Amino acid sequence: MGDSKDNLLWISWHDSAWIPILNPTNVMDYFQSTTNPFYDRTCNNEIVKMQRLNMEHLSNLTGLEYMLLHVQEPILYVIRKQHRHSASAVTPLADFYIIAGVVYQAPDLGSVINSRVSTTVNHLQGAFDEARTYSRYHPSKGYWWEFKETEVKDLEDENKKSQKKSSKDKAKDDSSSAFQRHRVNILLTDLAKKFPLKSTPFPAPNAQLPEQRISIEETSKVEVKIEVKTEPQGNKPPPEKKPRLG
(Lines give C-alpha, C1' and ligand atoms only; values in the text may rest on other atoms or scores of the structure.)
Protein backbone atom coordinates (compact mmCIF):
# COMPACT_ATOMS: atom_id res chain seq x y z
CA MET A 1 0.00 0.00 0.00
CA GLY A 2 1.36 3.37 -0.98
CA ASP A 3 1.42 6.65 0.86
CA SER A 4 -1.89 7.72 2.37
CA LYS A 5 -1.69 11.05 0.55
CA ASP A 6 -1.44 9.38 -2.88
CA ASN A 7 -3.80 6.49 -2.14
CA LEU A 8 -7.40 7.32 -3.08
CA LEU A 9 -8.72 4.84 -0.49
CA TRP A 10 -7.73 7.24 2.28
CA ILE A 11 -9.60 10.32 1.01
CA SER A 12 -13.17 11.44 0.31
CA TRP A 13 -14.79 14.32 -1.55
CA HIS A 14 -18.10 16.22 -1.47
CA ASP A 15 -19.67 19.46 -2.62
CA SER A 16 -22.17 20.89 -0.16
CA ALA A 17 -24.04 22.86 -2.84
CA TRP A 18 -25.00 19.68 -4.71
CA ILE A 19 -25.99 17.44 -1.79
CA PRO A 20 -29.59 18.72 -1.30
CA ILE A 21 -30.46 18.32 -5.01
CA LEU A 22 -28.77 15.00 -5.85
CA ASN A 23 -30.86 12.57 -7.92
CA PRO A 24 -30.23 9.86 -10.56
CA THR A 25 -30.38 12.40 -13.43
CA ASN A 26 -27.67 14.77 -12.16
CA VAL A 27 -25.45 12.47 -10.08
CA MET A 28 -23.06 11.94 -13.05
CA ASP A 29 -22.71 15.71 -13.45
CA TYR A 30 -21.96 15.90 -9.72
CA PHE A 31 -19.27 13.21 -10.05
CA GLN A 32 -17.72 14.91 -13.11
CA SER A 33 -16.97 18.07 -11.12
CA THR A 34 -13.52 19.57 -11.75
CA THR A 35 -12.65 19.44 -8.04
CA ASN A 36 -13.38 15.72 -7.70
CA PRO A 37 -10.03 13.87 -7.29
CA PHE A 38 -11.62 10.55 -8.32
CA TYR A 39 -12.60 11.79 -11.79
CA ASP A 40 -10.15 11.46 -14.71
CA ARG A 41 -10.74 14.28 -17.20
CA THR A 42 -9.15 12.30 -20.06
CA CYS A 43 -12.10 9.86 -20.14
CA ASN A 44 -14.65 9.47 -22.92
CA ASN A 45 -17.31 11.15 -20.75
CA GLU A 46 -15.54 14.46 -21.24
CA ILE A 47 -15.47 13.96 -25.01
CA VAL A 48 -19.22 13.27 -25.12
CA LYS A 49 -19.86 16.20 -22.81
CA MET A 50 -17.80 18.62 -24.96
CA GLN A 51 -19.60 17.47 -28.09
CA ARG A 52 -22.93 17.82 -26.28
CA LEU A 53 -23.94 14.29 -27.16
CA ASN A 54 -26.06 11.83 -25.27
CA MET A 55 -24.27 9.44 -22.87
CA GLU A 56 -25.54 6.52 -24.93
CA HIS A 57 -22.77 7.32 -27.44
CA LEU A 58 -20.18 6.01 -24.96
CA SER A 59 -20.78 2.47 -26.22
CA ASN A 60 -19.52 3.56 -29.65
CA LEU A 61 -16.15 4.72 -28.23
CA THR A 62 -13.22 2.80 -26.80
CA GLY A 63 -11.15 3.79 -23.80
CA LEU A 64 -11.73 4.97 -20.24
CA GLU A 65 -15.30 5.82 -19.17
CA TYR A 66 -17.56 6.19 -16.12
CA MET A 67 -21.08 4.79 -15.81
CA LEU A 68 -23.84 4.82 -13.19
CA LEU A 69 -23.97 1.23 -11.96
CA HIS A 70 -26.46 1.21 -9.06
CA VAL A 71 -28.98 3.64 -7.52
CA GLN A 72 -30.66 3.46 -4.12
CA GLU A 73 -32.44 6.74 -3.64
CA PRO A 74 -31.97 9.08 -1.96
CA ILE A 75 -28.70 8.15 -0.23
CA LEU A 76 -26.64 5.66 -2.26
CA TYR A 77 -25.20 5.85 -5.79
CA VAL A 78 -22.51 3.53 -7.22
CA ILE A 79 -20.37 4.67 -10.19
CA ARG A 80 -18.01 2.33 -12.04
CA LYS A 81 -14.77 3.24 -13.78
CA GLN A 82 -14.11 0.86 -16.68
CA HIS A 83 -12.13 0.45 -19.90
CA ARG A 84 -14.22 -0.23 -22.97
CA HIS A 85 -12.73 -2.44 -25.66
CA SER A 86 -15.82 -2.72 -27.86
CA ALA A 87 -19.55 -2.20 -27.67
CA SER A 88 -19.94 -5.42 -25.63
CA ALA A 89 -16.53 -5.90 -23.96
CA VAL A 90 -15.46 -3.84 -20.93
CA THR A 91 -12.96 -4.29 -18.09
CA PRO A 92 -13.91 -2.89 -14.64
CA LEU A 93 -11.16 -0.84 -13.03
CA ALA A 94 -12.67 0.68 -9.88
CA ASP A 95 -15.99 1.40 -8.14
CA PHE A 96 -16.96 4.61 -6.36
CA TYR A 97 -19.92 4.96 -4.02
CA ILE A 98 -21.68 8.15 -3.01
CA ILE A 99 -23.30 8.06 0.45
CA ALA A 100 -25.22 11.16 1.55
CA GLY A 101 -23.34 13.20 -1.06
CA VAL A 102 -19.84 12.08 0.02
CA VAL A 103 -17.76 10.22 -2.60
CA TYR A 104 -15.50 7.31 -1.59
CA GLN A 105 -13.53 4.75 -3.55
CA ALA A 106 -14.52 1.16 -2.83
CA PRO A 107 -11.48 -0.90 -1.78
CA ASP A 108 -10.48 -3.88 -3.87
CA LEU A 109 -10.09 -7.38 -2.45
CA GLY A 110 -6.30 -7.15 -2.25
CA SER A 111 -6.48 -3.93 -0.22
CA VAL A 112 -9.02 -5.44 2.19
CA ILE A 113 -6.92 -8.57 2.78
CA ASN A 114 -3.75 -6.50 3.16
CA SER A 115 -5.41 -4.24 5.74
CA ARG A 116 -6.82 -7.14 7.79
CA VAL A 117 -3.52 -9.05 7.76
CA SER A 118 -1.49 -6.00 8.77
CA THR A 119 -3.91 -5.26 11.62
CA THR A 120 -3.68 -8.87 12.85
CA VAL A 121 0.11 -8.86 12.71
CA ASN A 122 0.23 -5.56 14.57
CA HIS A 123 -1.90 -6.93 17.43
CA LEU A 124 0.13 -10.15 17.58
CA GLN A 125 3.37 -8.20 17.72
CA GLY A 126 2.00 -6.10 20.58
CA ALA A 127 0.96 -9.25 22.47
CA PHE A 128 4.43 -10.79 22.08
CA ASP A 129 6.13 -7.57 23.18
CA GLU A 130 3.97 -7.41 26.32
CA ALA A 131 4.57 -11.08 27.13
CA ARG A 132 8.32 -10.56 26.79
CA THR A 133 8.26 -7.91 29.53
CA TYR A 134 6.94 -10.48 32.06
CA SER A 135 9.54 -13.20 31.34
CA ARG A 136 12.53 -13.60 33.67
CA TYR A 137 15.68 -15.75 33.48
CA HIS A 138 18.39 -16.79 35.90
CA PRO A 139 21.13 -19.38 35.24
CA SER A 140 20.31 -21.29 38.43
CA LYS A 141 16.49 -21.06 38.19
CA GLY A 142 15.85 -20.96 34.48
CA TYR A 143 12.89 -19.14 32.96
CA TRP A 144 9.78 -18.00 34.84
CA TRP A 145 6.99 -15.44 34.60
CA GLU A 146 6.59 -12.45 36.90
CA PHE A 147 3.29 -10.55 36.87
CA LYS A 148 3.77 -8.18 39.80
CA GLU A 149 2.87 -5.14 37.74
CA THR A 150 -0.45 -6.65 36.73
CA GLU A 151 -1.24 -7.56 40.36
CA VAL A 152 -0.50 -3.98 41.43
CA LYS A 153 -2.75 -2.68 38.65
CA ASP A 154 -5.55 -5.01 39.75
CA LEU A 155 -5.24 -3.78 43.34
CA GLU A 156 -5.33 -0.18 42.15
CA ASP A 157 -8.44 -0.90 40.08
CA GLU A 158 -10.15 -2.51 43.09
CA ASN A 159 -9.27 0.48 45.28
CA LYS A 160 -10.69 2.84 42.69
CA LYS A 161 -13.91 0.83 42.51
CA SER A 162 -14.26 0.83 46.31
CA GLN A 163 -13.66 4.58 46.41
CA LYS A 164 -16.35 5.10 43.77
CA LYS A 165 -18.81 2.98 45.77
CA SER A 166 -18.06 4.90 48.98
CA SER A 167 -18.53 8.21 47.17
CA LYS A 168 -21.89 6.98 45.83
CA ASP A 169 -22.97 5.96 49.36
CA LYS A 170 -21.95 9.37 50.67
CA ALA A 171 -23.96 11.03 47.92
CA LYS A 172 -27.02 9.00 48.95
CA ASP A 173 -26.56 10.08 52.59
CA ASP A 174 -26.15 13.68 51.53
CA SER A 175 -29.43 13.55 49.61
CA SER A 176 -31.35 14.11 52.92
CA SER A 177 -30.51 16.88 55.41
CA ALA A 178 -30.10 16.50 59.18
CA PHE A 179 -33.32 18.45 59.76
CA GLN A 180 -35.28 16.03 57.58
CA ARG A 181 -33.89 12.98 59.35
CA HIS A 182 -34.63 14.52 62.81
CA ARG A 183 -38.17 15.43 61.76
CA VAL A 184 -38.85 11.91 60.55
CA ASN A 185 -37.67 10.46 63.86
CA ILE A 186 -40.06 12.75 65.75
CA LEU A 187 -42.99 11.65 63.61
CA LEU A 188 -42.14 7.99 64.15
CA THR A 189 -42.00 8.39 67.95
CA ASP A 190 -45.38 10.19 67.96
CA LEU A 191 -46.95 7.37 65.94
CA ALA A 192 -45.47 4.79 68.33
CA LYS A 193 -47.02 6.61 71.30
CA LYS A 194 -50.45 6.90 69.66
CA PHE A 195 -50.54 3.30 68.50
CA PRO A 196 -48.55 1.24 70.99
CA LEU A 197 -47.99 -2.44 70.42
CA LYS A 198 -50.25 -4.77 72.43
CA SER A 199 -48.15 -7.10 74.58
CA THR A 200 -49.51 -10.64 74.85
CA PRO A 201 -48.44 -12.53 78.06
CA PHE A 202 -46.63 -15.77 77.42
CA PRO A 203 -47.36 -18.70 79.84
CA ALA A 204 -44.60 -19.96 82.10
CA PRO A 205 -42.97 -23.24 81.03
CA ASN A 206 -44.12 -25.12 84.23
CA ALA A 207 -47.52 -23.47 84.61
CA GLN A 208 -50.65 -25.48 83.85
CA LEU A 209 -53.89 -24.23 82.41
CA PRO A 210 -57.12 -24.66 84.54
CA GLU A 211 -58.52 -27.21 82.09
CA GLN A 212 -55.40 -29.35 82.51
CA ARG A 213 -55.71 -29.13 86.31
CA ILE A 214 -59.34 -30.35 86.25
CA SER A 215 -58.49 -33.31 84.04
CA ILE A 216 -55.60 -34.30 86.36
CA GLU A 217 -57.86 -34.18 89.47
CA GLU A 218 -60.51 -36.34 87.79
CA THR A 219 -57.98 -38.98 86.85
CA SER A 220 -56.63 -39.02 90.41
CA LYS A 221 -60.15 -39.66 91.77
CA VAL A 222 -60.78 -42.52 89.40
CA GLU A 223 -57.54 -44.25 90.25
CA VAL A 224 -57.85 -46.50 93.36
CA LYS A 225 -54.90 -47.78 95.18
CA ILE A 226 -55.12 -51.50 96.05
CA GLU A 227 -52.89 -52.58 98.90
CA VAL A 228 -52.42 -56.24 99.81
CA LYS A 229 -51.04 -56.93 103.26
CA THR A 230 -48.88 -59.98 103.45
CA GLU A 231 -47.37 -61.33 106.65
CA PRO A 232 -44.07 -63.03 106.65
CA GLN A 233 -44.40 -66.83 107.03
CA GLY A 234 -40.99 -67.46 108.51
CA ASN A 235 -41.98 -66.22 112.06
CA LYS A 236 -45.09 -68.56 112.58
CA PRO A 237 -44.67 -71.56 115.00
CA PRO A 238 -45.27 -75.05 113.66
CA PRO A 239 -48.78 -76.52 114.26
CA GLU A 240 -49.22 -78.62 117.38
CA LYS A 241 -49.95 -82.37 117.07
CA LYS A 242 -52.96 -83.57 119.05
CA PRO A 243 -52.88 -87.10 120.57
CA ARG A 244 -55.22 -89.66 119.12
CA LEU A 245 -57.79 -91.27 121.55
CA GLY A 246 -58.12 -95.04 121.21
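Just so it is clear, the structure is predicted and the values come from calculations on it, not from any experiment. This chain uses plain numbering: 1 for the first residue, then up along the sequence. Worth knowing before you read on, the calculation uses all heavy atoms, side chains too, and leaves out hydrogens, waters and symmetry mates.
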Verdict with supporting geometry, Tyr97 and Val103, side-chain contact (heavy atoms from CB on, under 4.5 Å) = CA-CA 6 Å; Tyr97 57 95; Val103 183; over 6 Å; no
Just how far is it from atom CZ of Phe96 to atom CD of Gln105, taken to the nearest 0.5 Å?
-> 4.5 Å
Can you tell me if His14 uses its side chain to pair, donor with acceptor, with the backbone of Ser16 under 3.5 Å?
-> no
Which is it for Ile11 and Phe38 under the side-chain contact (heavy atoms from CB on, under 4.5 Å) test, yes or no, and what are the steps along the way?
-> CA-CA 10 Å; Ile11 63 175; Phe38 302 107; 3.9 Å; yes
Provide the closest heavy-atom pair for Tyr77 versus Glu73 in the form atom of the first, atom of the second, distance.
-> OH-CG, 4.2 Å
Path from Tyr143 to Phe147 over hydrophobic side-chain contacts below 4.5 Å | no
Taking the side chain as C-beta and beyond, is there a heavy-atom pair between Ile98 and Val102 under 4.5 Å?
-> no
Rounding to 0.5 Å, atoms NE2 (His70) and CD (Gln72) come to a distance of 5.0 Å
So do Ile99 and Ile75 actually touch side chain to side chain, heavy atoms under 4.5 Å?
-> yes
When you check the side-chain N and O atoms of Glu46 and Tyr66, is any donor under 3.5 Å from an acceptor?
-> no
Roughly how far apart are Glu146 CD and Thr133 OG1, rounded to 0.5 Å?
-> 10.5 Å
Within one Ile-Leu-Val-Met-Phe-Trp-Tyr cluster: Tyr39 and Val48, side-chain cutoff 4.5 Å | no
Exceeds 12 heavy-atom contacts within 6.0 angstrom, atom OH of Tyr137 = yes
Taking all heavy atoms of Gln82 and all of Pro92, pick out the closest pair and write down the distance.
-> CB-CA, 4.1 Å
side-chain contact (heavy atoms from CB on, under 4.5 Å) between Leu64 and Lys81: does it pass, once the steps are laid out?
-> CA-CA 7 Å; Leu64 186 65; Lys81 178 182 180 181; 3.5 Å; yes
Is it possible for you to say whether Leu68 and Val90 belong to one hydrophobic cluster, with membership spreading through side-chain heavy-atom contacts below 4.5 Å?
-> no
How many angstroms lie between CE in Met67 and CG in Asn44, if you round to the nearest 0.5 Å?
-> 13.5 Å
Short side-chain donor-acceptor distance under 3.5 Å, Asp108 and Ser111 = yes
Minimal non-hydrogen separation, Trp145 against Ala131, with atom names | CZ3-O, 3.1 Å
Looking only at atom types and distance, does a side-chain atom of Ser115 sit under 3.5 Å from a main-chain N or O of Val112, one as donor and one as acceptor?
-> no
Please confirm whether the backbone N or O of Ser135 pairs with a side-chain atom of Arg132, one donor and one acceptor, at under 3.5 Å?
-> no
Take His138 and Trp144 through the test side-chain contact (heavy atoms from CB on, under 4.5 Å) and record every step on the way to the result.
-> CA-CA 9 Å; His138 193 270; Trp144 74 93; 3.7 Å; yes
Under 3.5 Å, which donor-acceptor pairs link side chains of residues 22-33 to any protein atom two or more places apart or in another chain?
from	atom 1	to	atom 2	distance (Å)
Asn23	OD1	Thr25	N	2.9
Asn23	OD1	Thr25	OG1	2.3
Asn23	OD1	Asn26	N	3.1
Asn23	ND2	Ile21	O	3.2
Asn26	OD1	Asn23	N	2.8
Asn26	ND2	Ile21	O	2.9
Tyr30	OH	Asp15	N	3.0
Tyr30	OH	Gly101	O	2.5
Ser33	OG	Thr35	OG1	3.3

Just list the side-chain donor-acceptor pairs under 3.5 Å for residues 53-63, sequence neighbours left out, or say none.
from	atom 1	to	atom 2	distance (Å)
His57	ND1	Asn54	O	3.1
Ser59	OG	Glu56	O	3.1

State the NZ-CZ distance between Lys49 and Arg41, to the nearest 0.5 angstrom.
-> 7.0 Å
